[in-house]
**Q** 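Just passing along the structure, written as structure tokens.
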Amino acid sequence: MSEVLYSVRMRAAQGGPHELGGHHISGAECIVTLDKVGEMAQSFANRALHHSKGEPDFINIVVDMIPETTLQYIPYVSIEEHYTADIKESHELAISLLHKSPISLMAIHKAFQYLQDLPCSMRGAMLVDSITGERLDVGDRGVRVSHMDSIDNERIGCNTHMKEALVLASKVQSCEGILGELCWSDDPDYTVGYVSFCGVYHRIPHMKAIGSDIGGRVFFIDKNARLETIIEYLENTPVIVRK
Ligand code: WAQ
Ligand code: MG
């Protein structure tokens, strides 16, 4: 029999809990065996308390058991590194890459506009119709991808941002009904972003200005997909990413 696994998740905010309007500072999660739960909770608490976006006054750490029958194993996205000189070139590249997928140019342009117009970062991702570019998610929270981790020996060389983005992007790519993703970080000192589609993670530098604490994600949704099924998978289905 395999060992029982637990999902450990942390979210931290400033100015009260997220649901009461607090400003999101940091979030992290993992899937581990019981003997690692305490250690991970401790390290997530430390991480929340030492974040470049500021000091939180609210930290929430949740632990729950993963029913063995619900766990899915999914493959990693493959990585393509791109090199660009500035934000303009990066956005042009991101647009031309995404346009190789079935996502329309209008939806791609709207997605950039949505991200650039954000007054502050959302906690989750926007869902955008891949043809019309219309926003499909409700409210300003976005959809938060959760219950994921990796078995992860080959990613030793990557930084934490990249490791976590690869896991998230892999889960998103494994979701039926999602055609692609656009992302850049909300961390002021991290300007790398990516677009992913067809199982490939295109890593692109200079996706935003250094010093900006506004980042975000857009998931491009197939018009025939059922939104509730997509959201349930992203939020609640436990996945482990592996080679
Ligand atoms: N589910 C949905 N959206 C999320 C999640 C999540 N679990 N976590 C973050 N977001 C959204 C939210 O709007 C954040 O403001 C935004 O994405 C950026 O999150 O070197 O670090 O965690 O290859 O700041 C990409 C490049 C880094 C990595 C992305 O995102 C690399 C990053 P951050
Ligand atoms: Mg961040």
Side-chain angles (χ1 to χ4, degrees), residues 7-14 18 22-31 44 47-48 50-54 56 60 62 76-84 90 94 111 114-128 135 137 139-150 155 157-175 178 181-196 200-208 210-221 230-239 241:
S7 160
V8 184
R9 308 187 295 284
M10 176 278 288
R11 61 188 170 99
Q14 196 175 58
H18 301 86
H23 166 67
H24 179 70
I25 298 283
S26 155
E29 65 172 83
C30 63
I31 294 174
F44 286 167
R47 183 164 153 180
H50 305 282
H51 199 280
S52 61
K53 285 174 72 185
N60 170 293
V62 177
Y76 263 107
V77 285
S78 56
I79 303 169
E80 279 187 28
E81 288 258 7
H82 297 269
Y83 301 93
T84 52
S90 296
Y114 295 145
L115 288 181
Q116 283 164 333
D117 288 350
L118 282 174
C120 59
S121 294
M122 295 165 59
R123 215 170 111 206
M126 301 182 198
L127 305 183
V128 167
R135 276 285 289 277
D137 57 304
D140 52 16
R141 175 186 176 275
V143 174
R144 184 123 186 128
V145 189
S146 182
H147 294 86
M148 58 200 169
D149 203 347
S150 57
R155 305 293 173 197
C158 303
N159 67 47
T160 309
H161 281 282
M162 188 171 173
K163 276 185 193 158
E164 292 181 351
L166 286 170
V167 171
L168 191 151
S170 298
K171 186 170 184 186
V172 171
Q173 282 297 294
S174 75
C175 182
I178 297 187
E181 178 183 358
L182 165 66
C183 163
W184 59 81
S185 176
D186 57 20
D187 291 26
D189 49 11
Y190 206 78
T191 60
V192 187
Y194 65 88
V195 297
S196 80
V200 183
Y201 177 100
H202 295 270
R203 184 168 195 250
I204 308 175
H206 314 302
M207 286 295 278
K208 67 160 194 195
I210 188 97
S212 159
D213 66 354
I214 301 184
R217 284 184 154 91
V218 172
F219 302 158
F220 295 94
I221 308 295
I230 289 179
I231 294 171
E232 170 62 23
Y233 178 76
L234 294 176
E235 291 185 336
N236 296 320
T237 301
V239 304
V241 187

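Start at 1 and go down the list; that is how both ligands and their atoms are numbered.
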**Q** Under 3.5 Å between any N/O of Y194 and any N/O of ligand 1: does that happen in this structure?
**A**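 No: no nitrogen or oxygen of Y194 is under 3.5 Å from one in ligand 1.
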**Q** Find the distance between SG (C158) and CG (L166) and round it off to the nearest 0.5 Å.
**A**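 C158 SG to L166 CG: 5.5 Å, rounded to 0.5 Å.
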**Q** Among protein heavy atoms, which sits nearest to atom 21 (O) of ligand 1, and what does the distance come to when rounded to 0.1 Å?
**A**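 Residue, atom and distance for the closest contact: H161 ND1, 2.8 Å.
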**Q** Determine whether the side chain, the backbone, both or neither of S185 has a heavy atom under 4.0 Å from any heavy atom of ligand 1.
**A**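 It is both backbone and side chain that touch ligand 1.
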**Q** Quick one: report the N, O or S atom of D187 that is nearest to the Mg ion (ligand 2).
**A**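 The D187 atom nearest to the Mg ion (ligand 2), restricting to N, O or S, is OD1.
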**Q** Does this structure show an ion pair linking E29 with K171, if we count only N-O contacts that are shorter than 4.0 Å?
**A**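 A salt bridge is absent here (no side-chain N lies under 4.0 Å from a carboxylate O).
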**Q** To which of S146, C183, G215 does the heavy atom nearest atom 29 (C) of ligand 1 belong?
**A**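 Ranked by closest heavy atom to atom 29 (C) of ligand 1, first place is C183.
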**Q** What distance do M126 atom CE and I221 atom CD1 have between them, rounded to the nearest 0.5 Å?
**A**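 Taking CE in M126 and CD1 in I221, the distance rounds to 13.0 Å.
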**Q** Please could you name the atoms of ligand 1 that D187 approaches to less than 4.0 Å, counting only its heavy atoms?
**A**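 Every atom of ligand 1 under 4.0 Å from some heavy atom of D187: 24 (O).
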**Q** Which N, O or S atom name in D186 marks its closest approach to the Mg ion (ligand 2)?
**A**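 D186's closest N, O or S atom to the Mg ion (ligand 2) is named OD1.
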**Q** Over 60° means perpendicular and under 30° means parallel, so classify the ring planes of H18 and H24, tilted if in between.
**A**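 Taking H18 first and then H24, their aromatic rings sit tilted (interplane angle of 30° to 60°).
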**Q** What protein heavy atom sits nearest atom 22 (O) of ligand 1, and how far away is it?
**A**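 Among all protein heavy atoms, the one nearest atom 22 (O) of ligand 1 is R217 NH1, 4.2 Å.
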**Q** CZ/R217 to CG/L127 distance, rounded to the nearest 0.5 angstrom?
**A**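 R217 atom CZ to L127 atom CG measures 13.0 Å (nearest 0.5 Å).
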**Q** For atom 7 (N) of ligand 1, grab the closest protein heavy atom and report residue, atom and distance to one decimal in Å.
**A**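 Nearest protein contact, heavy atoms only, for atom 7 (N) of ligand 1 is V145 O, 2.9 Å.
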**Q** At their closest point, which heavy atom of R135 faces which heavy atom of M122, and how far apart are they?
**A**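 Closest heavy-atom pair between R135 and M122: NH2-CE, 3.8 Å.
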**Q** What are the atoms of ligand 1, with element, lying closer than 4.0 Å to any heavy atom of M122?
**A**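 Under 4.0 Å from M122, ligand 1 has these atoms: 12 (C), 13 (O), 14 (C), 15 (O).
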**Q** How far is atom 5 (C) of ligand 1 from its nearest protein heavy atom, and which residue and atom is that?
**A**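 Of the protein heavy atoms, R144 NH1, 3.5 Å lies nearest.
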**Q** In the protein, what heavy atom is nearest to atom 14 (C) of ligand 1, and what distance, to one decimal place, separates them?
**A**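 For atom 14 (C) of ligand 1, the nearest protein heavy atom is D186 OD2, 3.3 Å.
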**Q** For the 3.5 Å polar cut-off, considering only N or O atoms, please tell me whether M148 and ligand 1 meet it.
**A**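 Not met; the criterion fails.
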**Q** Below 4.0 Å from any atom of ligand 1, is there a heavy atom belonging to G216?
**A**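 So G216 counts as touching ligand 1.
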**Q** Give a yes or no on whether the backbone of A48 and the side-chain of S26 come within a donor-acceptor separation of less than 3.5 Å.
**A**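 Such a contact is absent between S26 side chain and A48 backbone.
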**Q** Which of the atoms in ligand 1, numbered in the order shown and given with their element, are less than 4.0 Å from a heavy-atom of L168?
**A**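 Counting atoms of ligand 1 from 1, those under 4.0 Å from L168 are 1 (N), 5 (C), 6 (C), 7 (N).
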**Q** Would you kindly specify which portion of E164 sits under 4.0 Å from ligand 1, judged on non-hydrogen atoms: side chain, backbone, both or neither?
**A**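 E164 to ligand 1: no contact under 4.0 Å from either part.
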**Q** When only distance counts, is G124 in polar contact with ligand 1, meaning an N/O pair under 3.5 Å?
**A**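 Yes, since at least one N or O of G124 sits under 3.5 Å from an N or O of ligand 1.
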**Q** In this structure, does ligand 1 have an atom that sits under 4.0 Å from one of the heavy atoms of H24?
**A**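 Checking ligand 1 against H24, which is what was asked, there is no heavy-atom contact under 4.0 Å.
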**Q** Among all protein heavy atoms, pick out the one at the shortest distance from atom 28 (C) of ligand 1; state its residue, atom name and that distance to 0.1 Å.
**A**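 Here the nearest protein heavy atom works out to Y201 OH, 3.3 Å.
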**Q** Strictly under 4.0 Å, does any heavy atom of L166 approach an atom of ligand 1?
**A**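 Contact absent.
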**Q** Is the CG atom of D140 crowded by more than 12 outside heavy atoms at less than 6.0 Å?
**A**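 Atom CG in D140 is not crowded, with 12 or fewer foreign heavy atoms closer than 6.0 Å.
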**Q** Which residue owns the protein heavy atom closest to atom 2 (C) of ligand 1, what's the atom, and how far is it?
**A**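 Going by distance alone, atom 2 (C) of ligand 1 is nearest to V143 O, 3.1 Å.
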**Q** What are the atoms of ligand 1, with element, lying closer than 4.0 Å to any heavy atom of W184?
**A**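 Selected atoms, number and element: 18 (C).
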**Q** Hydrogens and angles aside, do E181 and Y194 bring a side-chain donor and acceptor to less than 3.5 Å of each other?
**A**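 Judged by distance alone, the side chains do pair up.
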**Q** Mind checking the SG-CE spacing from C183 to M207? Nearest 0.5 Å is all I need.
**A**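 Taking SG in C183 and CE in M207, the distance rounds to 8.0 Å.
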**Q** Could you check if a side-chain atom of D187 sits within less than 4.5 angstrom of a side-chain atom of H161, using non-hydrogen atoms only?
**A**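 The answer is yes; the side chains approach within 4.5 Å.
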**Q** Check whether any side-chain heavy atom of V143 lies under 4.5 Å from a side-chain heavy atom of I230, and answer yes or no.
**A**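 The answer is no; the side chains never approach within 4.5 Å.
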**Q** Please round to the nearest 0.5 Å and tell me the distance separating atom CD1 of I210 and atom NZ of K208.
**A**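 If I round to the nearest 0.5 Å, the distance is 7.5 Å.
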**Q** Supply the atom-to-atom distance D189 CG to D213 CG, rounded to the nearest 0.5 angstrom.
**A**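 Those atoms lie 11.0 Å apart.
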**Q** Can you tell me which residue and heavy atom of the protein come closest to atom 31 (C) of ligand 1, and the distance to 0.1 Å?
**A**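 Its nearest protein heavy-atom neighbour is R203 NE, 3.2 Å.
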